[in-house]
Asker: 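Questions regarding the structure given below will be posed in turn.
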Amino acid sequence: VGERLLDPVAHEGDAANHVVVAQVWGDGGFGNASYKNSFIELYNPTDNNVDLSGDSIAYLPANNSTNTGTPAATQQTSLTGTIPAHGYYLVAGTSSNGGAAGVDLPAPDDNSTINWNFADGTIALVDTQDAFTMPTGDLTGADHVIDALGYGVSTSFTPFAYEGALSGFITGVNIAAQRTPVGTDTNNNHTDFASIAPVAINSNGDTQPAISLAGVTDQTALVNQAAT
């Protein structure tokens, strides 16, 4: 996977005054995927920790191949924790193919059972945990929408909603949509997001899976044994 520089202080260009959707990747466990699970990464560009316990992740699937469909029901996952100032918040998603490919994510801050599409759709951070129906079109200034990403293209399977414009690219097995620079928000997905290899970061700044050590149940054999 790629490498991202972690900075414990404010990132240059941290201009947004709210939590933003920083990265979306939806092909966990499939093919030669980097991670076993899909993930959404949030980023807090402000100087204060932000309580997310009243917020949720909302997902609206994209249109059909001929762009002649109607929007499906919005799916939601309620959030529970706090995102640190100038820090990240990792939401683990589902796994394709039983998680056969990829490594474990860093310890996630939250989990979602939403199976967002690997290539296209709309992900939004909203300020409610009540049932929410995502509007279509430009979400800039829409009620309850803190930030959103419409990832995909206009030719086929076009996302129904976005901020300003679509990202203009589809994501895939080794392609994520990342906000660049991470702390900015011009309310234009095409300007704000770039395609990169997925790199997951949690609220502790971890980019590697947590190490799990098996417990020692019988230490008898370790006592008074000569070193070899």
Asker: Has Asn67 got a side-chain atom pairing as donor or acceptor with Ser154's backbone, closer than 3.5 angstrom?
Answerer: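 Yes; at least one donor-acceptor contact below 3.5 Å.
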Asker: Using the rule given for side-chain contact (heavy atoms from CB on, under 4.5 Å), can you reason through His18 versus Asp147, listing the C-alpha separation, both sets of side-chain angles and the distance that settles it, and then say yes or no?
Answerer: CA-CA 8 Å; His18 56 84; Asp147 192 45; 4.2 Å; yes
Asker: I'd like to know whether Val103 forms a side-chain contact (heavy atoms from CB on, under 4.5 Å) with Tyr35, so could you lay out the CA-CA distance, the side-chain angles of the two residues, the decisive distance to 0.1 Å, and finally the verdict.
Answerer: CA-CA 5 Å; Val103 300; Tyr35 297 99; 3.9 Å; yes
Asker: Test your reading of the model: is there a side-chain donor-acceptor pair from Trp25 to the backbone of Gly172, 3.5 Å cut-off?
Answerer: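 It does hold such a pair.
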Asker: What closest approach, in Å, do Val153 and Gly168 show between heavy atoms, and which atom pair accounts for it?
Answerer: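 Taking Val153 first and Gly168 second, the nearest heavy atoms are CG1-O, 3.5 Å.
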Asker: Could you list the cluster mates of Ile123? Members are the ILVMFWY residues connected by side-chain heavy atoms closer than 4.5 Å, either directly or through other members.
Answerer: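 Members besides Ile123, by chain and number: Val19, Val21, Val24, Ile40, Leu42, Val50, Leu52, Ile57, Tyr59, Leu79, Ile83, Tyr89, Val91, Ile114, Trp116, Leu125, Ile146, Leu149, Tyr151, Phe169, Phe193.
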Asker: Do Gln129 and Asp55 make a side-chain contact, defined as non-hydrogen atoms from C-beta onward lying under 4.5 Å apart?
Answerer: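 No, every pair of side-chain atoms sits at 4.5 Å or beyond.
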Asker: Do the side-chain N and O atoms of Thr80 and Asp110 include a donor-acceptor pair separated by under 3.5 angstrom?
Answerer: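 Note: Thr80 and Asp110 side chains meet the donor-acceptor criterion.
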Asker: First locate atom CG of Asn204, then atom CG of Asp109, and finally report the distance between them rounded to the nearest 0.5 Å.
Answerer: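 One finds 7.0 Å between CG of Asn204 and CG of Asp109.
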Asker: So, does Asn189 use its side chain to make a donor-acceptor pair with the main chain of Glu163 at under 3.5 Å?
Answerer: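 The answer is yes, because a donor-acceptor pair under 3.5 Å joins these two groups.
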Asker: Which atom pair, heavy atoms only, marks the closest approach of Ala194 to Thr180?
Answerer: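 The answer is CB-OG1, 4.1 Å.
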Asker: When you compare the side chain of Leu166 with that of Pro159, does any pair of heavy atoms fall below 4.5 Å?
Answerer: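 Sidechains of Leu166 and Pro159: in contact.
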Asker: Tell me the closest heavy-atom pair linking His86 and Pro45, and the distance in Å.
Answerer: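 Distance-wise, the nearest heavy atoms are CE1-O, 3.0 Å.
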Asker: Determine the minimum heavy-atom distance between Ala200 and Leu90, stating which atoms define it.
Answerer: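 Minimum heavy-atom separation between Ala200 and Leu90: CB-CD1, 3.9 Å.
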Asker: Could you tell me if the side chain of Thr122 sits less than 4.5 Å from the side chain of Leu139, heavy atoms only?
Answerer: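 Answer yes - side chains close enough.
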Asker: Looking only at side chains, do Asn115 and Thr94 share a donor and an acceptor under 3.5 Å apart?
Answerer: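 Result is yes, a qualifying pair exists.
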Asker: Below 4.5 Å, heavy atoms only, C-beta onward: do Tyr43 and Arg179 meet side chain to side chain?
Answerer: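 In short, these two side chains do not touch, never coming nearer than 4.5 Å.
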Asker: Compare all side-chain heavy atoms of Asp185 with those of Asn187 and state whether any distance is below 4.5 angstrom.
Answerer: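 Yes, side chains in contact.
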Asker: With rounding to the nearest 0.5 angstrom, report the CG to CZ distance, Asn64 to Phe157.
Answerer: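 With rounding to 0.5 Å, CG (Asn64) is 7.0 Å from CZ (Phe157).
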Asker: Nearest 0.5 angstrom please: Gln76 CD to Thr133 OG1, how far?
Answerer: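 Output value for this atom pair is 8.0 Å.
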Asker: Stepwise, does the side chain to side chain donor-acceptor pair (under 3.5 Å) test hold for Asn44 with Thr46?
Answerer: CA-CA 6 Å; Asn44 177 9; Thr46 76; 2.7 Å; yes
Asker: Do Phe30 and Ile170 share a hydrophobic cluster, counting only Ile, Leu, Val, Met, Phe, Trp and Tyr and linking them when any side-chain heavy atoms are less than 4.5 Å apart?
Answerer: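 No: no chain of side-chain contacts under 4.5 Å links Phe30 to Ile170.
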Asker: What residues form a side-chain hydrogen bond (donor to acceptor under 3.5 Å, both in side chains) with Thr74, not counting sequence neighbours?
Answerer: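 Here no residue qualifies.
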Asker: Determine the minimum heavy-atom distance between Ser156 and Ser65, stating which atoms define it.
Answerer: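 Result for this residue pair: OG-O, 2.8 Å.
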Asker: Checking Thr186 against Asn188: is there a side-chain donor and acceptor pair closer than 3.5 Å?
Answerer: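 No, Thr186 and Asn188 have no side-chain donor paired with an acceptor closer than 3.5 Å.
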Asker: Does a sphere of radius 6.0 Å around CZ in Phe160 hold more than 12 heavy atoms from other residues, nucleotides or ligands, not counting ones at 6.0 Å or beyond?
Answerer: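 Yes - once you tally the heavy atoms of other residues, nucleotides and ligands closer than 6.0 Å, there are more than 12.
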Asker: Checking Asn117 side chain against Gly121 main chain: does a donor-acceptor pair fall under 3.5 Å?
Answerer: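 Answer holds: no.
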Asker: Does Phe39 reach the side chain of Pro108, with side-chain heavy atoms less than 4.5 Å apart?
Answerer: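 Side-chain contact under 4.5 Å: no.
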Asker: Might you point out which heavy atoms bring Phe132 and Val126 nearest each other, and give the distance in Å?
Answerer: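 Here Phe132 and Val126 meet closest at CE2-CG1, 3.7 Å.
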Asker: Under the rule for side-chain hydrogen bond (donor to acceptor under 3.5 Å, both in side chains), what residues qualify as partners of Ser112, not counting sequence neighbours?
Answerer: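 Per chain and number, Ser112 pairs via side-chain hydrogen bond (donor to acceptor under 3.5 Å, both in side chains) with Thr77.
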Asker: I need the Asp51 CG to Thr82 OG1 distance, nearest 0.5 Å.
Answerer: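 Asp51 atom CG to Thr82 atom OG1 measures 4.5 Å (nearest 0.5 Å).
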Asker: Are the side chains of Gln178 and Ser195 in contact, using a 4.5 Å heavy-atom criterion?
Answerer: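 No, their side chains stay 4.5 Å or more apart.
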Asker: Considering only heavy atoms from C-beta outward, does the side chain of Ser203 approach that of Tyr88 to under 4.5 Å?
Answerer: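 Ser203 does not reach Tyr88 side chain to side chain.
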Asker: Under 3.5 Å, is there a donor-acceptor pair between the side chain of His144 and the main chain of Thr128?
Answerer: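 A pair under 3.5 Å: no.
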